[in-house]
Amino acid sequence: MLKFLLTRVSLVIPTFIGVTLLSFALIRLVPGDPIELLAGERGIDPARHAALRAELGLDRPLLEQYWIYIQKVLHGDLGVSIVTKTPVLQEFLTLFPATVELSLFAILLALLVGLPIGILAAVKRGSWFDYSTMGLSLVGYSMPIFWWALLLILFFSVQLGWTPVSGRISVLYWVEPVTGFMLIDSLLSDEAGAFRSALSHLILPSIALGTIPLAVIARMTRSSMLEVLSEDYIRTARAKGLAPWRVIVVHALRNALIPVITVVGLQVGVLFAGAILTETIFAWPGVGKWLIESVQRRDYPVLQGGVLLVASVVMAVNLIVDLLYGLVNPRIRR
Amino acid sequence: MIEPDAELEAEGLISAPPPHPLVEIWNAFRESRGAFAGLVIILLIALAALFADTVAPHPPAEQYRDAFLLPPAWVEGGSTRFLLGTDDIGRDILSRIIHGARVSLSTGAMVVVLALMAGILLGLIAAFARGLVDIFIMRLMDIMLALPSLLMAIVIVAILGPSLINAALAVIIVQLPHFVRLTRAAALTELGKDYVTASRVAGAGPLRLMWLTVLPNCMAPLIVQATLGFSSAILDLAALGFLGMGAQPPTPEWGTMLSSALQFIQRAWWVVTFPGLAILIVVLAFNLMGDGLRDALDPRLKR
C-alpha cells in the first residue's frame, strides 16, 4: 500500500511542475510588455518602468525568474491583484468556499437523483422508465449549461417568482463570514430567515451545475449495475431465496458503485468548468466568476495565480480519488 | 476448378476477410437507431448550413427597423414574416440561427480534424519511439489535462485575445490530449500483435508500419472520440462565445447570440430560447451518433 501511495504521489510532481511552468509562462506569453500591461491604460514613465522591471525581477535571466517564482509560490506568495491590490491567495481563499458550497450541493443533487434513477433503470431494463430516463440523461449530458441556467431563471425566477435571480443571499441580511459557507454562516447568525434566503439562492445554481454530473452518474450507474447483475454470484444470491431488493441493494450495488465513485471523482474538473459558467450567470461570488472577471479586466496576476490554484485543487482531488480507489479496490494496487 | 478458399471458408477454417472500414461504419449506423437519427439530424443541419443563403428567409445581419423584439409567429403579436421572432435590433432570429449553424459546424469540423491529425501524429510518435520521447509527450498531455477544459481554453484566449479563430485554436489544444492518449494506447496494443511483427520481419520501414499497418487498426476508437469531440467542440465554442471570448458580434454564432440576448431575458424569452435550443439539438445529435458508433465499433464493448 505504501508503495502504491508513493508511486501515485510521485506521478503528480512532474505534472505540478508543468502547471507552475504554464502559469509562469502565462504572463510572459501575452503579447506586449508585462509592465505596461500591469500599468494599464494610463501608461507609465520610463524611470518607474525601469524600477518596476527590477522590482519584479523581469531584468534577470528566465531561468532565475522561474526559480524566484517557484520560491514565492511555495511560500504562498502568488502576487497581488492589479485591480483590488489584494494578495491573490487571500482573494482566492475568501471566494473558494462559495465555489465549494455550490459544487458540493450540485454533486449531492446529482448523486441523490442520479443513483436511484440508474439503479431503477438497470433493474427495469427495457421498460418505459429505462428508455425515458436514459433518453433524458442523454439530453442532460448534451446540455449547454449556460443556456440551461438561463431557462431555469426564465421559468422559476421570472415567470413563477419562486427563487431569486442571483447572488448568495438577499441584501436584507448581513451575515458574518465565519466558515465561508453561507448555509452554515446564516445558521450561526441571529438573523431570522437568513438561512432560508441562502438556501433559496443555492437551488437554481445547483440544478444548473448538477445536471451534467447527474446525467453521467445515472448512465454510469445503469451500465455498471447491468454488468454486475449478470454475474454468477447474483444468480446464487437469488437462488438462495433472498429478497429481490436485498440482492440489488446489498449484493449488487456494492460492486456496481466502484466505477461510479471513480466517475464522481473525475467530475471535479467538469464541475469546475461548469462553475465558471454557472457563477457568471448567477452572479455567484466564487472562483469561477473571479477568473472570468480577471480575464475581462486583464488582471493577469489573478489569472496566473488562480490557474495555478485551481489546477492544484483539481490535481489534489484526483489524487485523493485515486488513492481512495486503491483502498476500495485492492486489485489495482500493484 | 474449385475455389479452395471458399471451401475452407464455408467450413469455418479460415474466416472471411474483414469488411472495409467504411462498410463497417455503415453497418454500425444501421445497427443503432440512435446513431442513425443523429446522423440524419446532422445531415439536415449541415445542408441548411451549406445553403444558408437560400434557406434562410432573411440576411443574417439585416436590421428591420419596424420589427424590434418581435415575438415568434405563433405568439400574440408575432408575424409569419419572422417565424422565430426578431432580436433587439430587428434581426430575424431564424436566419441568424441557420447562419450560425454554418459557423458552428465549420469551426467544429476544423477543430476536430486538426486535433485528430495532430493527436494521431503525436500519439504514433510516442508509441513508436517509447523512452524519453514517449515520457515527454505523455507528461505534457497530463499537464494539459490538469486544468479543467474550459479554464484551459479561457487561459489560451486570454493570451491570444478573443476571436473565433483563437477560440477554435484553444479548443484544439484542449482536445488534443484525448486523441494523443487514445492513439498511443491503441497503437501500443496493435504493436504487440503478430501481424505487426510479421510486417516488420518482411522489411516494412517505420513509416509504413506507422501509417499503413498500425494506424488503420486504431481508427475505430478514434472515430468514436472524434464524433464525441465534435459535440464538445461545439459546446466549448458556444460557451466561449457566450463569455465574450469567442466569436464577436455581429457574427451569428449561437453562444454569442445568447450573451447579447441576456439583457432582454425578462422581456423577450425567444431571443434566449432558440439559439440555445439549436446548440442542444446539434450536440445531442453528435452524442447520439457517438454513442451508437461506440457500441457498434468498439470491440471492447462488443458483447
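The chains referred to below are lettered A, B, ... by the order of the sequence lines, with proteins before strands, and numbering in each begins at 1.
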Between A/I17, A/I281, A/V19, A/I276, who has the most heavy-atom pairs with chain B when the cutoff is under 4.5 Å? A/I276
Chain A contact via [X] - side chain, backbone, both or neither, heavy atoms under 4.5 Å:
{"X": "B/M144", "value": "neither"}
{"X": "B/L288", "value": "both"}
{"X": "B/D236", "value": "neither"}

If every non-hydrogen atom of [X] is compared with every non-hydrogen atom of [Y], which pair is closest and at what distance?
{"X": "A/L303", "Y": "B/A158", "answer": "CD2-CB, 3.6 Å"}
{"X": "B/P148", "Y": "A/G269", "answer": "CB-O, 3.4 Å"}
{"X": "B/I143", "Y": "A/P14", "answer": "CD1-O, 4.4 Å"}
{"X": "A/L26", "Y": "B/V155", "answer": "CD1-CG1, 3.2 Å"}

For chain A, find its close neighbours in residues 266-277 of chain B: heavy-atom separation under 4.5 Å, sorted by number, or none. B/Q266, B/W269, B/V272, B/T273, B/G276, B/L277
Spell out the residues in residues 171-179 of chain B that have some non-hydrogen atom less than 4.5 Å away from a non-hydrogen atom of chain A, in order of number; otherwise answer 'none'. none
So, taking the atom named [atom1] in [X] and the one named [atom2] in [Y], what distance separates them when rounded to the nearest 0.5 Å?
{"X": "B/L235", "Y": "A/L277", "atom1": "CG", "atom2": "CG", "value": "10.0 Å"}
{"X": "A/L291", "Y": "B/L151", "atom1": "CG", "atom2": "CG", "value": "6.0 Å"}
{"X": "B/D142", "Y": "A/M315", "atom1": "CG", "atom2": "CE", "value": "10.0 Å"}

Near A/W128 CH2, under 6.0 Å, is it more than 12 heavy atoms from other residues, nucleotides or ligands?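 No, CH2 of A/W128 has 12 or fewer neighbouring heavy atoms, counting only those of other groups under 6.0 Å.
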Can you confirm whether more than 12 heavy atoms, excluding those of A/L160, are under 6.0 Å from its CG atom? yes
Can you tell if the side chain of A/R219 reaches within under 4.5 Å of the side chain of B/D291, non-hydrogen atoms only?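 A side-chain contact exists here, since the closest heavy-atom pair is under 4.5 Å.
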Do B/L243 and A/V295 have side chains that get closer than 4.5 Å, going by heavy atoms?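 They are not in side-chain contact.
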Could you have a look at B/P162, B/A238, B/G34 and say which one has the most heavy-atom pairs with chain A under 4.5 angstrom? B/A238
Any idea which of B/L150, B/L280, B/V282 has the most non-hydrogen atom pairs under 4.5 angstrom with chain A?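 Option with the greatest count: B/L280.
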Residue set satisfying ring-ring contact (aromatic ring centres under 6.0 Å, His included) with A/Y66, at least two apart, ordered chain then number -> A/F24
Less than 4.5 Å to any heavy atom of chain B: does that hold for the side chain of [X], its backbone, both, or neither?
{"X": "A/L29", "value": "both"}
{"X": "A/T280", "value": "side chain"}
{"X": "A/V310", "value": "side chain"}
{"X": "A/Q296", "value": "side chain"}

Residue-level contacts of residues 134-153 of chain A with chain B, using a heavy-atom cutoff under 4.5 Å: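 Within residues 134-153 of chain A, the residues that come under 4.5 Å of chain B (heavy atoms only) are A/L138, A/V139, A/Y141, A/S142, A/M143, A/P144, A/F146, A/W147, A/L150, A/L151, A/I153.
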